[in-house]
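Whatever order the structure lists ligands and atoms in, that order sets their numbers, starting from 1. These figures come from a predicted structure and were not determined experimentally.
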Amino acid sequence: MAEIIDGRARAAALRARVAEEVAALRWRHGVVPRLVVLLVGENPASQVYVRTKAKMAAEVGIAGEVERLPADIGQEALLARLAALNADPSVHGILVQLPLPAGIDGRVVLEAIDPAKDVDGFHPVNVGRMWAAARPREAGLLLPCTPLGCMMLLESVLGREGLRGRRALVLGRSNIVGKPMAALLLGADATVTLAHSRTRDLADRCREAEILVAAVGRPEMVRGDWVREGAVVIDVGINRIEDDGGSRLVGDVAFAEAAERAAAITPVPGGVGPMTVACLLYNTLLAARRRLEP
Ligand code: NDP
């Protein structure tokens, strides 16, 4: 039976470290790191996410503000708001909650955030730096929160050097999870396969992987017999499914089946999700520290 990787406990430990360093930064400079989360429109899931981000920020001593903007704000007005936040020296981190309403070009918006304040790590300059770095985890970069959290979970099981030479498969190639995940694994010297909806013989490819990261958004798609005996499985998926008792969250991996073969596996909920938010706070600390102690 696999070790269950407790993302809640690991995220709490990371937040405690961030809180200590935020307090130290405040003591040295008299400055409270400030994170502004822009929420455009009323997407119900986004409302929950931004509330969690602001609440968790407060708990570690970061001033986290949610700024609500109407869905019909228009691209120009949103860009003007971002320019003002970029220019405001009291703001250290800026995050635009995705998805954006129709009519706003997400790419243009992400490119308008000052890369030094881009705590999501989605700006092309930060994406480029990540891919160009030999060891992105050690380069002090603003890295995308979900893959960064996944790396921390993997390192907690395998050790910082324990990914070297391992066969890793990332299932899903989105810009926010799959692709940056592949970059970080590569930077830790894993041998990486990036799989997607056009990958042939997917189950066979998965069975070869010593590290399997699933980020597809399809409930329990990865079955137990896709998992190599002794693999470490990171399940990024968050899928709400209906069953007799109502609705519940499941991952992209059939947890009970996979746990019989894996050496270690993340649960859903309580795995990657809490790490993502903790990494956002970590990035905000990093951005503030770089501004105050260049
Ligand atoms: P996207 O929808 O952007 O990407 C999904 C990827 O999965 C695509 O690359 C797609 O391939 C691939 N895919 C879809 N169906 C199949 C299939 N049948 N076989 C193989 N590959 C397939 O999703 P995200 O990356 O944004 O998110 C993935 C999951 O992670 C979601 O459940 C999301 O809710 C969750 N998530 C969780 C976070 C957390 O904090 N825990 C944070 C972010 C996301 P193709 O490119 O070929 O279409």
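Contact check for Leu249 versus Ile238: side-chain heavy atoms found under the 4.5 Å cut-off.
For ligand 1, the atoms closer than 4.0 angstrom to any heavy atom of Gly217 are 28 (C), 29 (C), 31 (C), 32 (O). Heavy-atom contacts of Asn239 reach the following atoms of ligand 1: 32 (O) (cutoff under 4.0 Å). The ligand atoms of ligand 1 that sit less than 4.0 angstrom from a heavy atom of Ile176 are 26 (O). Ligand 1 places these atoms under 4.0 Å from at least one heavy atom of Leu202: 19 (N), 20 (C). Each of the following atoms of ligand 1 lies closer than 4.0 Å to a heavy atom of Thr276: 39 (C), 40 (O). Using a 4.0 Å cut-off to heavy atoms of Val177, the atoms of ligand 1 that qualify are 25 (O), 43 (C), 44 (C). Of all atoms in ligand 1, numbered sequentially from 1 with element shown, those under 4.0 Å from a heavy atom of Gly172 are 6 (C), 7 (O), 9 (O).
The closest protein non-hydrogen atom to atom 35 (C) of ligand 1 is Val236 O, 3.5 Å. Protein heavy atom at the shortest distance from atom 5 (C) of ligand 1 is Val216 O, 3.6 Å.
Residues Tyr282 and Val18 come closest through the heavy atom pair CA-CG2, 3.8 Å. Ala112 and Leu82 get closest at one heavy-atom pair: CB-CD1, 4.1 Å. Closest approach of Leu212 and Cys206 over heavy atoms only: CD1-SG, 4.0 Å. Nearest heavy atom pair, residue Gly121 against residue Val127, reads O-CG2, 3.9 Å. Here the shortest heavy-atom pairing between Arg248 and Asp243 reads NE-OD2, 2.5 Å. Closest of all the heavy-atom pairs between Ile5 and Leu153 is CG2-CD2, 4.0 Å.
Within 6.0 Å of atom CD in Glu42, 12 or fewer heavy atoms from other residues, nucleotides or ligands are found, so the atom counts as exposed in its surroundings.
For atom 25 (O) of ligand 1, the nearest non-hydrogen atom from the set Ser174, Cys150, Gly273 comes from Ser174. One option in Arg240, Arg218, Met221, Arg198 has a heavy atom closer to atom 15 (N) of ligand 1 than any other, and that option is Arg218. Residue Arg173 holds the heavy atom nearest to atom 46 (O) of ligand 1 of all those in His196, Met181, Arg173. Across the listed options Ile238, Val268, Val250, Leu194, Ile238 owns the non-hydrogen atom lying nearest to atom 34 (O) of ligand 1.
Salt-bridge check for Glu20 with Arg17: failed, with every basic side-chain N at 4.0 Å or more from each acidic carboxylate O.
Asp252 places a side-chain N or O within 3.5 Å of a backbone atom of Arg218 that can act as its donor or acceptor partner.
Under the 4.0 angstrom criterion, atom 2 (O) of ligand 1 counts as lacking any protein heavy-atom contact.
Contact annotation: for Thr199 versus ligand 1, there are no heavy atoms closer than 4.0 Å. Only the side chain of Thr146 comes within 4.0 Å of ligand 1, counting heavy atoms alone; its backbone N, CA, C and O stay farther away.
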For a salt bridge (Lys or Arg N to Asp or Glu O under 4.0 Å) check, start with the C-alpha distance between Asp189 and Arg135, then their side-chain angles and the critical distance, and finish with the verdict. CA-CA 9 Å; Asp189 291 331; Arg135 307 211 138 265; 2.4 Å; yes

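Considering backbone and side-chain N/O of Ser197, one or more are found under 3.5 Å from N/O of ligand 1.
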